[in-house]
Amino acid sequence: MKLYYAETMNPRKVCAVAKYLGSPVEFIRVDLSKGEHRAPAFLEQNPNGKVPLLVDGELRLWESTAIMAHLAVQAGSDLWPADAASQVEVLRWLSWDMVHFSRHGSSLYFEHIIKPWAGLGEPNAAAVEEATGFFKRFAAVLDAHLATRDYLVGNQLSIADFGAGVLLPWAKEARLPVAGFANIERWHERLMALPAWREPFPAPVPAAA
């Protein structure tokens with residue numbers, strides 16, 4: 001299997017899962033600053049022109065949640081639960097995260113991290129205010145859910161945790177308003193205890209002498 005990635009939020013999920021599972025993948029870095037994700041050869045693999053992308057034999061799989069599930073299934077891991085009811089719960093929290101929690105968190109990530117990196121100017125104050133308000137609203141939902149749980153589904157680690165937690169390592173840089181949400185902070189400390197979560201990306205290749 002070949003896993004195409006960059007050091008950004010959605011590839012972070014799948015790289016962390018692959019490392020956690022010890023999946024037999026070849027990590028291939030896509031240099032976004034050079035537009036490698038828009039090169040014809042890459043677009044033949046993923047017409048969306050985005051990372052992550054997993055190539056597994058004849059399968060060309062994009063979308064981070066699908067890749068996480070595929071890796072877990074291939075490994076026979078409980079990160080994708082065996083029972084149907086828990087699978088539905090995993091899908092529920094992954095969907096909730098993409099539509100609510102990470103949706104608004106990614107706006108802050110864009111304004112405070114991607115814009116400076118790409119030279120796109122100062123953060124949009126109105127966009128930051130709106131995203132901050134929505135993020136707090138949905139952080140309260142997650143915090144309440146985690147009040148009596150260690151993890152999102154079935155009280156065991158799943159790809160739902162890797163999905164919903166993806167922006168928290170950038171909380172300071174993205175100015176995510178997580179302070180005061182003690183259960184979220186406790187949950188993320190538990191994730192940070194996993195080496196694959198702390199350091200999900202392959203080690204950089206040393207520069208040639």
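Everything numeric in this text was worked out from a predicted model, so none of it was measured.
- The backbone N or O of Met1 sits nowhere less than 3.5 Å from a side-chain atom of Asp56 that would complete a donor-acceptor pair.
- Side chains of Pro169 and His188 form a contact here, defined as non-hydrogen atoms less than 4.5 Å apart.
- No more than 12 heavy atoms of other residues, nucleotides or ligands sit less than 6.0 Å from atom NZ of Lys50.
- Scanning both residues, Ala126 and Asn124, for their nearest heavy atoms gives N-OD1, 3.0 Å.
- In terms of modelled atom types and a separation under 3.5 Å, the side chain of Asp31 and the main chain of Glu36 share no donor-acceptor contact.
- Between Phe138 and His100, the two ring planes are parallel [angle under 30°; tilted spans 30° to 60°].
- Annotation for Ser33 and Trp117: closest pair CB-CZ2, 4.0 Å, computed over non-hydrogen atoms.
- Of the possible polar contacts, one joining the Arg186 side chain to the Leu146 backbone as a donor-acceptor pair under 3.5 Å is found.
- Few gaps surround CZ on Arg190; more than 12 heavy atoms of other groups in view lie less than 6.0 Å from it.
- A 6.0 Å sphere centred on CD of Gln156 holds more than 12 heavy atoms belonging to other residues, nucleotides or ligands.
- The shortest non-hydrogen separation linking Ala82 to Gln87 is O-NE2, 3.5 Å.
- Contact check for Leu167 versus Leu108: no side-chain heavy atoms found under the 4.5 Å cut-off.
- A donor-acceptor pair is defined here as one N or O able to donate and one able to accept, closer than 3.5 Å; no such pair exists between the side chain of Asp150 and the backbone of Asn155.
- When every heavy atom of Ala18 is checked against every heavy atom of Val25, the shortest pair comes out as CB-CG2, 4.2 Å.
- Seen from the ring of Trp96, Arg103 does not count as a face-on cation partner, given the 6.0 Å and 45° thresholds.
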Practice prompt. Please assess Leu71 against Leu54 for the test side-chain contact (heavy atoms from CB on, under 4.5 Å), listing each intermediate value before the final yes or no.
Written response: CA-CA 9 Å; Leu71 291 173; Leu54 182 73; 4.2 Å; yes
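- Between the side chain of Ser77 and the backbone N or O of Leu79 there is at least one donor-acceptor pair closer than 3.5 Å.
- Arg198 CZ: more than 12 foreign heavy atoms inside a 6.0 Å radius.
- Scanning all heavy atoms of the two residues, the minimum distance from Pro52 to Asn46 falls at O-ND2, 4.3 Å.
- Taking every heavy atom of both residues into account, Lys13 and Ser64 meet most closely at NZ-OG, 3.2 Å.
- Salt bridge Arg92/Glu89: present, at least one basic N to carboxylate O contact under 4.0 Å.
- Trp80 and His70 are not linked by any side-chain donor-acceptor pair at a separation below 3.5 angstrom, with hydrogens and angles left out of the test.
- Proximity of a side-chain donor or acceptor of Thr132 to a complementary backbone N or O of Val128 within less than 3.5 Å is detected.
- Lys115 NZ: more than 12 foreign heavy atoms inside a 6.0 Å radius.
- Residue-environment remark: OH (Tyr20) stays at or below the threshold of 12 foreign heavy atoms within 6.0 Å.
- No donor-acceptor pair under 3.5 Å is formed between the side chain of Glu26 and the backbone N or O of Lys2.
- A distance-only check finds no donor-acceptor pair linking the side chain of His112 to the backbone of Pro123 [under 3.5 Å].
- Between Trp197 and Phe162, the ring-plane angle classifies as perpendicular under the 30° and 60° cut-offs.
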